[in-house]
Every structure is written in structure tokens, then in C-alpha cells.
Peer 1: 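Next up is a structure, given as C-alpha cells.
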2 protein chains.
Amino acid sequence: MSTHATLLRSHGLSVTPQRLALLQTLSQYPHITADQATEAVRKSLGTISRQSVYNTLNALVEKGLARRIQPIDSPALFEDRVGDNHHHLICRSCGDVADVDCAVGFRPCLEASDDNGFIIDEADVTYWGECPKCQPKISNVHTTTKTKTKTRKAIS
Amino acid sequence: MSTHATLLRSHGLSVTPQRLALLQTLSQYPHITADQATEAVRKSLGTISRQSVYNTLNALVEKGLARRIQPIDSPALFEDRVGDNHHHLICRSCGDVADVDCAVGFRPCLEASDDNGFIIDEADVTYWGECPKCQPKISNVHTTTKTKTKTRKAIS
DNA sequence: GTACTATTTTGGACTGCGTCCAAAGTATGA
DNA sequence: TCATACTTTGGACGCAGTCCAAAATAGTAC
Ligand SMILES: [Mn+2]
Ligand SMILES: [Mn+2]
Ligand SMILES: [Zn+2]
Ligand SMILES: [Zn+2]
């Protein structure tokens with residue numbers, strides 16, 4: 001039996017083709033929008049409703065089987081890499097997202113300098129900058145026009 | 001002459017009542033949504049269009065005079081505390097946002113464990129947890145029903 | 001296998017946040 | 001004071017995500 005099925009059952013979620021296909025999809029892309037996931041699932045199942053995509057992704061996040069990140073100027077991104085408290089690098093020009101291991105250790109950044117009495121359970125770290133591809137070359141530093149339009153990779 | 005006017009001019013922005021009112025508003029609230037800002041500005045100017053609010057807030061962010069943060073499940077928040085690379089504590093229950101000084105120092109967290117070739121210019125750190133008010137009291141630990149509805153403070 | 005029930009899926013309507021656009025108004029500098 | 005570039009306005013619009021009620025289906029008990 002599929003390991004994904006077991007995973008779902010062990011978290012009290014019933015097993016449906018839609019959920020299996022979404023888990024499958026999540027395992028194939030490091031970070032993916034709900035729309036991209038829909039597109040990908042439709043390639044395998046033929047069809048899935050938008051609502052089911054959101055239902056499932058939200059359920060997975062709730063159960064800790066997936067994580068949602070919300071970069072500025074982008075729809076939410078989902079990933080199945082959870083539990084390692086890793087961080088993200090986002091390119092301001094093209095929107096590319098890269099994973100970064102946590103600098104501090106295993107459960108790291110959960111120490112704020114002053115927690116204001118909050119009980120902290122997660123630290124969400126995003127580094128902003130420019131990816132290698134988008135960096136101006138030596139020859140045209142200061143003259144390169146920054147691309148405003150983020151090109152979003154299509155799922156193929 | 002108003003210091004806000006000078007600030008605008010020094011960044012190449014012309015001085016308008018709308019912009020002054022927004023700067024004024026930003027200085028009064030640590031974190032504020034575009035809608036809350038609109039509401040607040042209307043108390044002083046009487047009227048302002050939604051578009052002007054966004055135009056101005058975006059311009060301020062672009063010039064580095066304001067900062068936009070984008071928590072999950074909340075419209076963007078704006079603040080005029082910039083340049084100190086401070087972080088945020090957000091309560092999962094009530095949505096309350098608190099500032100935290102950067103743990104590491106002045107321009108700190110800009111060191112990722114592996115920058116993947118990115119040129120990093122900002123680190124955005126959000127701690128998630130529960131604020132003191134929302135924490136279950138000793139007497140009813142494990143029995144308190146978590147409030148799902150975030151109460152958003154009204155601007156009064 | 002059949003029947004029952006709780007859960008899930010579906011698609012269509014809907015909401016909220018934010019942007020686009022073109023016309024009217026205003027700040028700035030000559 | 002005039003000319004012009006920039007800003008403001010409000011109405012239309014777009015996109016991400018949710019709500020809802022009906023239909024379908026997974027899990028369970030027989
Ligand atoms: Mn990741
Ligand atoms: Mn802040
Ligand atoms: Zn890039
Ligand atoms: Zn709280």
C-alpha cells in the first residue's frame with residue numbers, strides 16, 4: 001500500500017485519489033502554488049476542483065504534513081518539507097525560491113531576543129535578494145534595468 | 001515646516017495632504033493595514049481614495065520610508081519603523097503583532113547558512129506563537145477552545 | 001457484498017485585497 | 001502666473017481564497 005495512504009490514515013484523514021495525487025505532486029516540487037498544484041494534479045487525475053485542492057492543502061498544513069509560506073507579491077506556496085525549520089531565499093526580480101538550512105541548528109531560531117511573553121512555536125525566516133541569474137553582470141552594473149515582471153515557472 | 005514634508009521632498013516625492021496624513025498615521029500605529037490607515041486618514045482629512053492610500057504606501061515602501069509585512073491570513077501590514085532589521089512576533093489566535101529587536105545585532109540575520117549565490121539585502125523573521133492574553137490559563141490547560149476568529153483591533 | 005453514515009468533492013457564487021485605467025485636480029518650478 | 005508633470009479619484013477589474021448546498025464516495029457495520 002502506498003506510503004502516502006498510510007500517512008493520511010495515520011493522521012486521521014481518509015484516503016482519496018485527490019489527496020494522494022496532491023501528496024504526490026507536493027513530493028515532486030519543492031515549492032508550489034495552489035494553482036500549479038491543480039494543474040499538476042489534473043495531468044494525473046484528469047480533474048480536480050479548486051475547492052478540493054484548497055481543502056486538502058489546508059488539511060495537510062493543519063496536520064503538519066505540509067507547510068504554507070506566504071511571500072509578498074505571490075500567492076501562497078506549499079511544500080512537504082516540514083519539521084526541519086528550514087528557511088527561504090527569495091529573488092526580488094524573478095521570484096525564485098530556494099531552501100536554506102537553518103543556520104543555527106536543529107530547532108534554532110525559536111529564541112527571540114525578547115519574546116514579549118509569547119509562547120513561540122515556529123520561526124519563519126525569509127531572506128530577500130537577487131538570485132545568481134538575475135544579478136547584473138560586471139559589464140553592466142548600475143545600468144541593468146530590473147525586471148519588474150516576475151516570471152513564474154509553468155508546471156510541465 | 002513639517003518634518004514629514006521635508007522627508008518626502010528629500011526622497012523626491014511631492015508633498016500632498018494625503019501623503020502627510022498617511023505619514024502621520026503610520027507614526028501613530030506600530031503596524032497598520034491599508035484599510036485601517038484609510039479609516040484613520042479619513043478622520044483627519046475627511047476623505048481619501050483607496051487608490052491614494054495604496055499609491056502612497058507603496059511609494060513609501062519603495063523609498064525605504066516604510067516597510068510592508070505580509071502575515072499569513074492577514075492583509076499586508078505597514079510600519080514606519082525601518083532600517084533596524086527588527087523582527088515580528090505574531091499570535092496565531094488573535095493576530096496580534098509585536099516587534100522584536102534583532103537578536104544578532106545591527107545588520108544581523110543577513111547571513112544565511114548557504115546563500116545559494118543569492119545577494120541578500122534583507123532578512124525577514126517572523127515568530128509564530130501565542131500571545132500572553134491568548135495563552136490558556138493553568139486552570140484550563142487542554143480544555144480551552146482556541147478562538148479561530150481573529151479579532152482585529154479597530155482604529156478609534 | 002450491501003447498506004448506512006460521515007466525510008469529501010464539486011462547481012458556482014461570493015468576498016477581500018489590491019491593481020488598472022482614464023479623467024480631473026494639484027504641486028512644483030520656470 | 002503658466003505650463004507641465006505628478007497625484008488623486010472612483011469605477012472597473014483580477015486574482016487568491018472561502019462559503020455553500022447538493023452529489024459522490026470512503027469507511028464501517030452487518
Ligand atoms: Mn522550503
Ligand atoms: Mn514592526
Ligand atoms: Zn532571480
Ligand atoms: Zn493573542
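Everything numeric in this text was worked out from a predicted model, so none of it was measured.
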Peer 1: To the nearest Å, give me how far apart CG (A/Asp35) and P (D/dG14) are.
Peer 2: 16 Å

Peer 1: Expressed in angstrom and rounded to an integer, what is the separation of A/Leu22 atom CG from C/dT9 atom C1'?
Peer 2: 12 Å

Peer 1: Is it the case that the side chains of A/His88 and A/Asp99 hold a donor-acceptor pair, with the cut-off being a distance below 3.5 Å and no angle test?
Peer 2: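 Note: A/Asp99 and A/His88 side chains meet the donor-acceptor criterion.
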
Peer 1: Is A/Arg50 touching bases, backbone alone, or none of the nucleic acid, heavy atoms closer than 4.0 Å?
Peer 2: base

Peer 1: To the nearest Å, give me how far apart CG (A/Leu8) and P (C/dT9) are.
Peer 2: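 My rounded result for the distance is 10 Å.
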
Peer 1: Which listed nucleotide (D/dT18, C/dC17, D/dG17) is nearest to the side chain of A/Asn58?
Peer 2: D/dT18

Peer 1: Do the side chain of A/Gln24 and the main chain of A/His4 share a donor and acceptor less than 3.5 angstrom apart?
Peer 2: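 Checking the backbone N and O of A/His4 against the side chain of A/Gln24, no donor-acceptor pair under 3.5 Å is found.
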
Peer 1: Backbone N or O of A/Ser14 within a donor-acceptor pair of the A/Arg19 side chain at under 3.5 Å?
Peer 2: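 Here the side-chain-to-backbone pair exists.
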
Peer 1: Is the side chain of B/Asp84 donor-acceptor paired with the backbone N or O of B/His86 at a distance under 3.5 Å, no angle test?
Peer 2: yes

Peer 1: Just to be sure I understand the rule, does B/Asn55 reach a base, reach only the sugar-phosphate, or reach nothing, if contact means heavy atoms closer than 4.0 Å?
Peer 2: base

Peer 1: Grab the CG-C1' distance between A/Asp73 and D/dA16 for me, whole Å please.
Peer 2: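 Those two atoms, CG and C1', are 13 Å apart.
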
Peer 1: Hey, which sits more toward the 5' end of DNA chain C by its nearest nucleotide, B/Val15 or A/Gln51?
Peer 2: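 So the residue in question is A/Gln51.
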
Peer 1: Write down the distance between CD (B/Glu62) and P (C/dT19), rounded to a whole number of angstrom.
Peer 2: 12 Å

Peer 1: In whole Å, I'd like the distance from the NE2 atom of A/His4 to the P atom of D/dA26.
Peer 2: 18 Å

Peer 1: Rounded to whole angstroms, how far apart are CD on B/Gln18 and C1' on D/dT9?
Peer 2: 10 Å

Peer 1: Without decimals, in angstroms, what is the distance between A/Gln70 CD and C/dC17 P?
Peer 2: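 A/Gln70 atom CD is separated from C/dC17 atom P by 13 Å.
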
Peer 1: Under 4.0 Å between a side-chain N or O of B/Tyr54 and OP1 or OP2 of C/dG18?
Peer 2: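 Yes, B/Tyr54 has a side-chain N/O under 4.0 Å of OP1/OP2 on C/dG18.
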
Peer 1: Is B/Thr56 reaching over with its side chain to a backbone N or O of B/Val53, donor-acceptor style, under 3.5 angstrom?
Peer 2: no

Peer 1: Students often get this wrong, so: under 4.0 angstrom with heavy atoms, is A/Ser14 touching a base, only sugar-phosphate, or nothing?
Peer 2: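 The residue A/Ser14 makes sugar-phosphate contact but no base contact.
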
Peer 1: Counting only side-chain heavy atoms from C-beta out, which of C/dT8, C/dG18, C/dA27 sits nearest to A/Arg19?
Peer 2: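 Among C/dT8, C/dG18, C/dA27, the one nearest the side chain of A/Arg19 is C/dT8.
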
Peer 1: Given C/dT10, C/dG18, D/dG27, which nucleotide is nearest the side-chain atoms of A/Ser49?
Peer 2: C/dT10

